[in-house]
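Below: the structure, in structure tokens.
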There are 2 protein chains.
Amino acid sequence: MNSFVMAVGQWPVSSEKGENLERAERFLRRAAREGAALCLLPEMFQTPYELARLRASAEEGIGPSIERVALLARELRVHVVAGSICERAGDRFHNTAFVLGPDGRVLGKHRKIHLFDVSLETVNVQESAVLSPGDRPLVLDLPFCRLGVCICYDTRFPAVFRFFEERGVEVAAIPAAFSRTTGAAHWHLLLRSRAVEYQIYVAAACPAPDERSSYVAYGHSLIADPWGTVLAEAGEGEEAVEGVEAVIARLSAERLEKVRRELPLLAHRRPDLYAGWR
Amino acid sequence: MNSFVMAVGQWPVSSEKGENLERAERFLRRAAREGAALCLLPEMFQTPYELARLRASAEEGIGPSIERVALLARELRVHVVAGSICERAGDRFHNTAFVLGPDGRVLGKHRKIHLFDVSLETVNVQESAVLSPGDRPLVLDLPFCRLGVCICYDTRFPAVFRFFEERGVEVAAIPAAFSRTTGAAHWHLLLRSRAVEYQIYVAAACPAPDERSSYVAYGHSLIADPWGTVLAEAGEGEEAVEGVEAVIARLSAERLEKVRRELPLLAHRRPDLYAGWR
């Protein structure tokens with residue numbers, strides 16, 4: 001890994017696709033001005049996380065939303081993890097993040113593997129009624145780091161981060177849309193603990209809360225370092241400029257190396273023993 | 001699992017073995033009075049966590065320290081995870097937790113697998129210079145729950161909790177001796193996140209800090225529920241009665257079942273997919 005600047009975008013996702021794309025553009029231009037090499041957009045960044053409306057927002061292949069972000073990536077010479085959109089693939093629909101290179105090309109995509117089917121008192125969602133799951137996390141070699149991408153609920157599953165570890169991931173970029181309930185209980189806990197136990201940088205983007213929405217997101221997009229320290233964090237919209245918050249931090253290669261050297265969790269794994277535990 | 005009361009003991013471990021055993025006895029008697037069915041003692045509960053002195057404190061087989069706790073377990077009719085002591089096994093020394101049944105018999109023991117070899121600015125410890133590692137976490141079927149036992153640094157290793165998950169563990173009992181540095185940074189984070197991601201109760205015992213010691217422990221012994229809520233927690237000695245703090249909580253089977261039903265992380269695992277990720 002080489003040190004670089006990362007930016008995470010947050011805004012309240014509205015039902016106007018065009019307005020959300022305007023906000024993505026404002027965020028990307030601001031991030032590029034701040035020197036970001038890698039930008040992250042939230043889960044469902046161009047349509048509200050409302051299951052009944054997801055399919056109507058879907059795009060197939062490189063649709064107009066991803067095309068617009070790709071043109072910006074190329075113009076601004078940045079890498080972008082384009083949070084997620086509802087992707088149509090034949091008669092299936094996926095919750096898909098596209099990773100765009102600074103030439104505007106799609107470097108890879110991640111389809112959310114673990115669909116959010118929960119029945120909490122304040123959150124009742126059956127994502128699998130509308131979407132189909134992906135089958136593999138995404139790991140990419142960028143010029144400045146090895147990147148892992150997973151989406152929201154995927155983060156709760158240890159196997160995803162074991163996959164990242166086995167492939168040497170240094171930075172996890174996580175588009176998400178945690179609810180207020182699960183966010184208040186688990187957002188910081190989960191993201192910081194993944195950073196600490198796998199000794200990686202973790203960046204996560206969540207839409208800002210919109211009180212008028214049927215699904216109120218948590219906000220608090222953040223970047224945590226491998227010691228679990230939150231380097232930068234958004235609030236719930238109060239810091240927004242032109243409707244957009246940008247969480248920006250420098251990810252230091254020296255810091256990553258220092259944590260892994262002083263508290264050598266990765267070197268202390270015992271795969272020789274673990275193989276006998278099956 | 002059936003609901004039951006659990007107690008976690010905390011005290012500043014002194015260089016007088018007899019004094020520490022007196023404190024263990026006071027804790028166990030208090031826990032039994034409060035109705036505890038399962039009691040947990042800290043890592044190295046009868047000798048300070050100072051590597052140079054560990055071997056001199058070692059006992060072989062069922063030595064006098066474990067024998068004394070076993071007699072108390074039998075008298076009080078409680079299960080005890082007797083934190084850890086330095087166990088001698090021939091020419092090897094281990095950091096070993098003994099689990100005692102209410103008949104005073106040893107139900108199992110866990111030898112710390114991942115030895116704490118770290119070189120942080122404020123904590124420089126090479127446990128492997130003095131101790132040999134164990135090779136397998138301990139899982140036991142108690143009459144009221146399936147129990148997993150690991151020690152301190154083991155907690156940082158996902159494979160240990162995968163082992164627990166594969167064997168249906170409901171309660172993890174963790175004797176520990178986190179330092180102030182790593183405790184302030186990671187104690188609550190690590191314990192609460194293990195509870196949340198594996199949907200188990202987590203109880204952890206740490207000695208209270210002793211400013212005169214060369215290794216100042218963190219204290220803050222706690223019990224967390226499967227939602228990550230801390231049900232009970234010790235401070236740093238300020239609540240001690242006769243030199244001992246007792247962290248006591250009721251572990252509810254209904255609560256465990258409710259969390260696992262409403263946020264079905266365990267049911268949402270995809271071993272069919274994960275097998276193909278190797």
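All heavy atoms count here, side chains included; hydrogens, waters and symmetry mates do not. Chain letters run A, B, ... following the sequence lines, proteins first and then strands; every chain starts at 1.
Rounding to the nearest 0.5 Å gives a distance of 4.5 Å between CG of Leu120(A) and CH2 of Trp227(B). If you take CD on Glu121(B) and CD on Glu262(A), they are separated by 5.5 Å, rounding to the nearest 0.5 Å.
In this structure, chain A has a heavy atom under 4.5 Å from the backbone of Arg261(B), while its side chain stays farther away. Both the backbone and the side chain of His268(B) come within less than 4.5 Å of a heavy atom in chain A. Heavy-atom distances place both the backbone and the side chain of Asp117(B) under 4.5 Å from chain A. Contacts between Tyr153(B) and chain A at a heavy-atom distance below 4.5 Å involve the side chain alone, from C-beta outward.
Within a 6.0 Å sphere centred on CZ of Arg92(A), heavy atoms belonging to other residues, nucleotides or ligands number 12 at most.
Arg192(B) and Ala185(A) get closest at one heavy-atom pair: NH2-O, 3.7 Å. In plain terms, the two heavy atoms of Arg156(B) and Leu265(A) that are nearest each other are CD-CD2, 3.5 Å.
For the set Glu197(B), His114(B), His186(B), Arg270(B), the entry with the most heavy-atom pairs within less than 4.5 Å of chain A is His186(B). Counting heavy-atom pairs closer than 4.5 Å to chain B, the top residue among Lys258(A), Arg194(A), Glu165(A) is Arg194(A). Contact tally against chain A (heavy-atom pairs below 4.5 Å) for Ala267(B), Pro133(B), Pro137(B): the top residue is Pro137(B).
The shortest distance between side-chain heavy atoms of Tyr198(A) and Pro158(B) falls below 4.5 Å. Using a 4.5 Å heavy-atom cutoff, the side chains of Val118(A) and Pro264(B) are in contact. Contact of the Val196(A) side chain with the Leu190(B) side chain is not registered, since no non-hydrogen atoms from C-beta on lie closer than 4.5 Å.
Among residues 271-278 of chain B, the residues having any heavy atom closer than 4.5 Å to a heavy atom of chain A are, in sequence order, Leu273(B), Tyr274(B), Gly276(B), Trp277(B), Arg278(B).
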